[in-house]
K.L.:
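Input: one structure, supplied below.
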Amino acid sequence: MIGKGSLKVKGFLKDVGGASRVTKMRRELIQNASAQPKPGDPIRALADALHPGPQEFCVTQIREASPTSKTFRFEPVNGHVPVFQAGQYANFYLTIGQSVLTRPYTISSAPFEARLEKPYFEVTIRGNVPYLVPDYFFEHVHEGDTITASLPFGTFYYEPLRDAGKAIALAGGSGITPFVSMAKEITKGTLDLDLTILYGSVKHTDIVCGEELAAAAEACPRVKVVNIMSDDGDWEGEKGFVTTELIRKYASELCGEDGDVSYFFCGPLAMFRAVSKSMEELHVPARRFRHDVMAQPSNVRQIPGFPEELIGTTFQITVKRGIHEDVIPAKADEPVAMALERAGIPIDAHCRGGECGFCRSQLLSGDIFVSPIGDGRRAMDKEMGWFHACSAYPVSDLTVKIPIL
Ligand code: FES
């Protein structure tokens with residue numbers, strides 16, 4: 001009894017025939033296609049405008065954001081700042097000696113400021129932070145200089161389809177910058193969000209962008225800023241750390257006991273650990289807890305599971321890229337990406353936190369330690385020996401294959 005079944009088979013074969021005709025048609029189209037992109041293709045023009053690649057920007061203003069931090073304003077040389085969301089970051093290309101290093105900074109200005117008659121974007125940087133190129137901006141970047149940057153990157157922004165309409169921002173130190181951008185955008189009326197910012201600092205003089213935050217809170221009731229000082233005897237507001245109790249208090253003030261609220265964290269590793277614990281205690285579902293990509297800490301002892309006995313050891317990495325092969329030294333306590341950059345070998349690093357995947361490379365031999373902080377590798381990548389060079393450390397001599405830039 002195959003009547004019905006045979007009909008199905010017939011239909012199936014018919015479909016296969018159709019698919020093969022399409023394949024033939026596509027093959028012909030590909031054969032006759034030009035190697036050059038079609039001029040005036042609107043889709044390509046839109047894609048180029050949204051993701052234009054590295055651009056030249058002029059530094060038009062440098063101002064103090066706190067006694068230890070500065071805000072740098074960048075205006076595009078070609079008149080166009082790519083569209084970005086409050087919370088995303090820009091990647092800067094810095095030429096130091098023979099090496100071109102990249103360094104990500106969260107944009108602290110608001111998206112609407114990139115659409116003004118004179119468009120710009122800003123980043124706010126804290127001085128004396130020992131990370132990759134400490135104080136480069138403070139020492140080498142001046143008003144009138146031109147610098148190469150690429151933007152936007154990152155997924156740390158408010159998305160109404162994914163996040164609750166009320167949010168608690170948990171910030172420490174210069175981790176306040178994405179929330180400065182969000183607060184300004186809310187004030188402008190172009191970001192539909194109620195935001196309470198719990199901002200932890202040691203002393204009130206450590207508050208970064210304090211005036212801008214206060215102005216946003218003053219201008220718009222949808223923005224609230226709570227400064228919390230851990231060691232400031234004269235401070236009259238909240239004192240101590242950003243604890244579970246404090247988070248509960250302000251979340252309930254924002255949307256009641258059982259209200260739906262999203263939590264956004266950006267700050268140092270120690271604070272991230274404490275805040276993650278608070279999220280567990282408050283039974284916050286994972287989808288309601290968003291955290292910014294954190295660069296790997298310069299002190300590897302802070303990385304859980306790091307083999308401390310290897311600190312001070314230097315290994316060799318054989319680096320293959322296309323027809324090139326180099327052998328370079330690599331310290332066990334520095335990510336592979338940093339060893340490459342020290343040797344003048346370019347690597348496409350953006351987030352430097354293990355999440356974006358731009359620095360994805362292949363391990364051909366040897367052993368690496370992969371930082372569990374922001375390990376964004378896919379399961380299949382792990383199995384097939386792919387790793388992210390920004391968050392992997394050599395624990396033996398290695399042979400790696402990296403993309404050609
Ligand atoms: S730079 Fe983003 S994963 Fe390495």
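Residues: numbered from 1 along the sequence shown. One-based numbering, in listed order, for ligands and for the atoms of each.
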K.L.:
Which protein N, O or S atoms sit under 2.8 Å from atom 4 (Fe) of ligand 1?
P.N.:
C359 SG, C390 SG
K.L.:
Could I get the full list of side chain to side chain donor-acceptor pair (under 3.5 Å) partners for S361, not counting sequence neighbours?
P.N.:
none
K.L.:
For K166, which of D192, D194, D260 qualifies under salt bridge (charged side-chain N to carboxylate O under 4.0 Å, His left out)?
P.N.:
D194
K.L.:
List the atom of A332, the atom of L310, and the distance in Å for their closest heavy-atom pair.
P.N.:
CB-O, 3.4 Å
K.L.:
With ring pair (Phe, Tyr, Trp, His ring centres under 6.0 Å) as the test, pick out the partner of Y393 among F315, F387, F306.
P.N.:
F306
K.L.:
Name the one of Y136, F57, F74 that satisfies ring pair (Phe, Tyr, Trp, His ring centres under 6.0 Å) with F92?
P.N.:
F74
K.L.:
Within the structure provided, determine whether K70 and F138 are in side-chain contact (heavy-atom separation under 4.5 Å).
P.N.:
yes
